[in-house]
Protein chains: 2
Amino acid sequence: MSWRKEQGRAERGYHHGNLKEALLQAALGLIAEKGAAGFTFADAARMAGVSAAAPYRHFRDRDELLSSIAQRGFEQFESRLTAAWDDGRPDTVTAFERVGRAYLAFAREEPAFYNAMFESGLPVDANAALQAASERAFNVIRAAAERLAALAPPDTPRPPAMMMALHIWSMAHGVASLFSRGDAARRKLPMSPDELLEAELLIYLRGLGFPTDRRPQAKSAEPPPVPPEASSGSGVPPGGAPAGPWGKPK
Amino acid sequence: MSWRKEQGRAERGYHHGNLKEALLQAALGLIAEKGAAGFTFADAARMAGVSAAAPYRHFRDRDELLSSIAQRGFEQFESRLTAAWDDGRPDTVTAFERVGRAYLAFAREEPAFYNAMFESGLPVDANAALQAASERAFNVIRAAAERLAALAPPDTPRPPAMMMALHIWSMAHGVASLFSRGDAARRKLPMSPDELLEAELLIYLRGLGFPTDRRPQAKSAEPPPVPPEASSGSGVPPGGAPAGPWGKPK
DNA sequence: CAGCTCATGTGAACGACCTTTACATGAGCC
DNA sequence: GGCTCATGTAAAGGTCGTTCACATGAGCTG
């Protein structure tokens, strides 16, 4: 944190110097504790050591602060998804699952952001910048789905990538929202949310005809046209009866 | 609505006669309009024509009203899912998809209930009765999954029914929450939420080895052990390359 | 029917919050 | 030094949630 001046403790003149950022941080902490609903503008001001009216110099109202946080959240979300995707290395399916886990990890590790982004009830189109950030994040999933779709068994009608992306998103959000966060995490499960999502994804991908036995290839750069992954043929998991993505303890 | 006495309009003595129910109805309407977050205890009282303190005679606090609504919601939810499942008629897969659509329909047609149940942020275990109602509703999905699991291709390891149920739940909730309700419905999609979920479910089921071409049987009562559905063999969609559950315009 | 009792509703009050308005301060610039 | 404007403050109005003392009247008891 680089404050403009030394900002040790109580010594701080009439002007704060970094209120906007301080408010965002304070709000983030509060939301993480008590949820977007419980977070209060006045509390954030108090935590930043200013009067209750001060925040209005930086945000039109409470909602604007919230949507700023949501926007920032989508940006971080995008970058984490992008990192997880790693341009499809080492192979598309593996990378795809990594994206799924990254989704859950984000929901778990950044509850405040996730809350602001998806559970605060603020309209998706509240803010153009917010909507754009949200779309950029989704586009990571979408681009990954695009690559995956291109690998679909060739003698099969290609699944629309957009649809796949929406499916993946809904699975990840469903698991995160129902089982992986805050109060919802208290639902007792026979398996962890990560395992649950991983199995769900694998079954789904198998339903599309993708081989999901992992590591079908070693290190090839996977050229766009008809990469090795898709070469297993009939759109059917190899080996007749597939071994389920469940059961066999990892 | 059956009031105890004629309750035409302004004529109403010191005692309301049906406040508890009136408050629940008012809250339901308010939540449908403005979300659980926006709903206010005072508003409900006003709408029922009583003072702001009156509700406290019937609900410990605002949260208790909310959880009453959520509980009632789970009960209606359960009954709608049960009706949709219709004990697996005419065939398990068809009935299963009908449950999925019923899930979405409930989310769409009863936004207030759905909001209170899943998006109000009230802890799942706030109330024992609430938790029980929630579990009863989930058990409908679970029981259906149980039946479905029993139909899994015999030469395949059976998927755990519990896991399937959780998967289905997460898909349905994910789609409902992201695309099918309130503000979220404003996200533009290439297809309707219902179609999206239906395709997702079909792909998932196919991933488990279920034949998803529909109407594999006509009217048989489908005896528990190894019903006709499961007889198609190898856990692979018949016909080599499967026709996708997308595309072909319905 | 008189009278009692207790569930149910009222009004006033408290503290917290959101938000606006008029005013104060001081940082940066001429 | 003096101006100006962004940034902060204090005060005030409106709404909420919640509590408390008090009012009302429905239904029982005799």
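Reckoned from all heavy atoms, side chains included, excluding hydrogens, waters and symmetry mates. The model shown is predicted, which means the values in this text are computed figures rather than measured ones. In what follows, chains carry the letters A, B, and so on, assigned in the order in which the sequence lines appear, proteins first and then strands, with residues in each chain numbered from 1.
Between the side chain of A:Asp63 and the backbone N or O of A:Leu66, no donor-acceptor pair lies under 3.5 Å. For the pair B:Arg187 (side chain) and B:Leu178 (backbone), a donor-acceptor distance under 3.5 Å is present. A side-chain donor-acceptor contact under 3.5 Å links B:Arg147 to the backbone of B:Asp87.
Atom NE2 of A:His58 and atom P of C:dT19 are 16 Å apart (whole Å). To the nearest angstrom, P of D:dG8 lies 11 Å from CZ of A:Phe59. Distance NE2 (B:His16) to P (C:dG9): 7 Å, rounded to an integer number of Å. Here the C1' atom of nucleotide C:dT8 and the CG atom of B:Asn18 are 13 Å apart, to the nearest Å.
Looking at residues 26-35 of chain B, you'll see that no heavy atom sits under 4.0 Å from any atom of DNA chain C.
The only member of A:Tyr114, A:Phe118, A:Phe106, A:Phe138 that meets ring-ring contact (aromatic ring centres under 6.0 Å, His included) when paired with A:Phe74 is A:Phe118.
Here A:Arg98 pairs with nothing under the salt bridge (charged side-chain N to carboxylate O under 4.0 Å, His left out) rule; sequence neighbours left out. With sequence neighbours excluded, the residues that form a ring pair (Phe, Tyr, Trp, His ring centres under 6.0 Å) with B:Phe179 are A:Trp169. Scored by the salt bridge (charged side-chain N to carboxylate O under 4.0 Å, His left out) test, B:Asp86 finds B:Arg89 as partners (sequence neighbours excluded).
Counting only residues at least two apart or in different chains, salt bridge (Lys or Arg N to Asp or Glu O under 4.0 Å) contacts with residues 26-41 of chain A comprise A:Lys34-A:Asp43.
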Contact pattern, 5' to 3', of nucleotides 14-22 of chain D - B, S or - by protein heavy atom under 4.0 Å: --SSBB-BB
